[in-house]
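Worksheet: the structure to be examined is printed underneath.
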Amino acid sequence: MRQTITVFKGDGIGPEITDAVIRVMDAAGAELDYEIYNVGEAEYEAHGELIPKAAFESMERNKVLLKSPITTPVGKGFRSLNVFLRKKYDLYANIRPARSNHAVKTPFQDVDIVIFRENTEDLYVGVEEKIDENTVHATKLITRRASERIIRDAFEYARAHGRKKVTCVHKANILKISDGLFRDIFYEIREAYPEIAADDKIVDNVCMQMVMNPQQFDVMVMPNLYGDMLSDLASGLIGGLGLLPSSNLGEEFAMFEAVHGSAPDIAGKGIANPTALLWSACMMLEHLGQMECAAKIRRSVDTVLEEGAFNTPDIGGNATTAEYVEEIIKRL
Ligand code: NAD
């Protein structure tokens, strides 16, 4: 059955990589129709809004958004468009898979980690107060509702993707009540997933273990702040943010995007690497149940990247976006 999704084209390299990704999805036989909107800086200059009303309405109708990076105009509009979209659509689960690729040389091989970061609470509730000139106080909020849903999602993902283990990351040795609640809920939820191994580790130990022996980790679930830090650490293990896709999931809405920004320095040059957005699109196809199509695209991208002859300059090649995309389509 064909499904309709909303697409935000974004700024800088956004339009180029969006076109590339739609070409690949169509060639792979994705059962998708698109409602495509220009959003971001150019849209703001033209019509005074970063995201036009019709684009929000489309998102609210279709529930699924493929989003390109947006240049946030400094001093105007939203402070952070991503935080705004996460809040507006209660996108509570930030999922960032970090998988090694032989095309990108790093000191770490065979990393294949999926981080589930709770996106709505913890220290990010942003409640701070000044008690006196030299004393401040910040609030860390952990709730059963938010913890249950992110932990359940991590186990559901592990089950759906044949993953072997889920690790809970916390600091419950010190934060006995708040992180202690998160950890307790983790073990309650895991009862429903007996086929999946489960363990928990303290966050400082995890930082060391991820660098010493990253292959031991599979799916990981954690409160917001640890997720922020460890997902960047994981991206460093595989060669940087440029190859990192992400999904932001809520109970009703889902948003898929590359982790990188609009790369204004290379916009319009035809050399942008669309891989992170392509992998985000694969996560979206899987979310929509179009597993075969996603697998086909993943296989083809892996082959082209590993052969290396058509890689873009950011990962050491000299191919254009168009040449890279043609090669992926040929291998589908
Ligand atoms: P950036 O990620 O856009 O670029 C950093 C460097 O990586 C640049 O040299 C760029 O050329 C390169 N790069 C990034 N993506 C690439 C790709 N796909 N292919 C090849 N090279 C790539 O970070 P920045 O320069 O700090 O940010 C630029 C703008 O993007 C800013 O306005 C920022 O606010 C915005 N931004 C948006 C998002 C988003 O919408 N999700 C995320 C981050 C930054």
Side-chain angles (χ1 to χ4, degrees), residues 6-24 37-45 49-51 55 59 65-89 91 94-96 98 101 103-104 106 117 119 228 231-232 235-236 238-249 253-284 301 304-305 308 310-325 327-328:
T6 301
V7 179
F8 288 0
K9 266 196 163 179
D11 292 306
I13 60 170
E16 304 164 44
I17 59 175
T18 307
D19 292 346
V21 167
I22 289 178
R23 279 204 62 209
V24 173
Y37 294 88
N38 293 321
V39 303
E41 193 176 42
E43 186 60 28
Y44 185 89
E45 300 302 335
E49 284 174 318
L50 281 172
I51 302 180
M59 163 81 179
L65 171 66
L66 182 65
K67 177 184 160 290
S68 268
I70 293 173
T71 303
T72 305
V74 178
K76 296 174 267 181
F78 306 114
R79 188 163 296 162
S80 162
L81 197 79
N82 284 329
V83 172
F84 173 81
L85 287 171
R86 273 179 211 156
K87 281 209 170 129
K88 182 169 171 70
Y89 296 115
L91 302 168
N94 186 219
I95 304 162
R96 291 182 173 184
N101 191 288
V104 187
T106 80
R117 166 188 174 190
N119 233 357
D228 187 16
S231 58
D232 273 28
S235 78
I238 62 150
L241 290 171
L243 288 170
L244 215 66
S246 77
S247 63
N248 291 271
L249 305 183
F253 298 99
M255 176 174 93
F256 300 84
E257 64 173 346
V259 170
H260 63 72
S262 57
D265 52 336
I266 57 162
K269 294 187 179 162
I271 54 166
N273 186 350
T275 309
L277 190 63
L278 254 178
W279 278 335
S280 307
C282 288
M283 294 175 83
M284 178 187 75
V301 172
V304 176
L305 280 176
F310 292 90
N311 287 351
T312 45
D314 56 300
I315 52 169
N318 52 22
T320 63
T321 312
E323 288 164 343
Y324 175 61
V325 164
E327 203 56 28
I328 291 169

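Atoms within each ligand, like the ligands themselves, are counted from 1 in listed order.
- Contacts of Ile13 with ligand 1, taken as heavy-atom pairs under 4.0 Å, involve the side chain alone.
- Rounding to the nearest 0.5 angstrom, the gap separating the NE2 atom in His260 from the OG1 atom in Thr275 is 8.5 Å.
- Note that atom 7 (O) of ligand 1 has no protein non-hydrogen atoms nearby, at separations under 4.0 angstrom.
- Considering Asn248, Asp228, Asn94 as possible partners of Asn119, the one that fulfils the side-chain hydrogen bond (donor to acceptor under 3.5 Å, both in side chains) test is Asn248.
- The proximity of Thr71 to ligand 1, defined as any non-hydrogen pair under 4.0 Å, involves the side chain as well as the backbone.
- Between the CZ atom of Phe8 and the CE atom of Met59 there is a distance of 7.0 Å, given to the nearest 0.5 Å.
- Atoms of ligand 1 found under 4.0 Å from any heavy atom of Asn273 (numbered from 1 in listed order, with element): 17 (C), 18 (N), 19 (N), 20 (C).
- For Glu41 against Asp11, the heavy-atom pair with the smallest separation is N-OD2, 2.7 Å.
- Counting heavy atoms closer than 4.0 Å to ligand 1, residue Pro264 contributes side-chain atoms (C-beta onward) but none from N, CA, C or O.
- Ile266 CD1, 3.5 Å is the protein heavy atom nearest to atom 21 (N) of ligand 1.
- When Asp265, Ile17, Thr275 are checked for heavy-atom proximity to atom 11 (O) of ligand 1, Asp265 turns out nearest.
- Under a 4.0 Å heavy-atom criterion, Glu41 is not in contact with ligand 1.
- Checked by atom type and distance alone, the side chain of Thr321 pairs as donor or acceptor with a backbone atom of Gly270 at under 3.5 Å.
- In this structure, atom 39 (C) of ligand 1 lies nearest to the protein heavy atom Asn82 ND2, 3.5 Å.
- Shown here for Val21 and Leu278, the closest heavy-atom pair between the two residues is CG2-N, 3.7 Å.
- Checked against a 3.5 angstrom limit, the closest N/O atoms of Gly261 and ligand 1 fall inside it.
- The side-chain heavy atoms of Leu50 and Val39, taken from C-beta on, include no pair separated by under 4.5 Å.
- Shortest non-hydrogen contact noted between Ile17 and Ser68 is CG1-OG, 4.1 Å.
- For atom 24 (P) of ligand 1, the nearest protein heavy atom is 4.0 Å or more away.
- Short contacts between ligand 1 and Pro69, defined as distances under 4.0 Å to a heavy atom of the residue, involve ligand atoms 39 (C), 40 (O).
- Side-chain atoms of Glu16 do not come within 3.5 Å of backbone N or O of Ile13 as any donor-acceptor pair.
- Among all non-hydrogen protein atoms, the one lying nearest atom 35 (C) of ligand 1 is Ile70 O, 3.4 Å.
- Considering only non-hydrogen protein atoms, atom 30 (O) of ligand 1 sits nearest to Ser262 N, 3.0 Å.
- Considering backbone and side-chain atoms alike, Ala263 places an N or O below 3.5 Å from some N or O of ligand 1.
- Between Lys67 and ligand 1, an N or O atom pair is found at a separation short of 3.5 Å.
- Here is the list of ligand 1 atoms found below 4.0 Å of a heavy atom in Glu257: 41 (N).
- Proximity of Asp314 to ligand 1, defined as any heavy-atom pair under 4.0 Å, is confined to the side chain (atoms from C-beta onward).
- What you find for Lys67 and Met255 is that their closest heavy atoms are CD-SD, 3.9 Å.
- By the 6.0 Å contact criterion, NZ on Lys88 is enclosed, its count of non-hydrogen atoms from other residues, nucleotides or ligands being greater than 12.
- For atom 17 (C) of ligand 1, a protein non-hydrogen atom is found at a distance below 4.0 Å.
- Of the possible donor and acceptor atoms, one in the side chain of Ser246 sits under 3.5 Å from a partner among the backbone N and O of Glu257.
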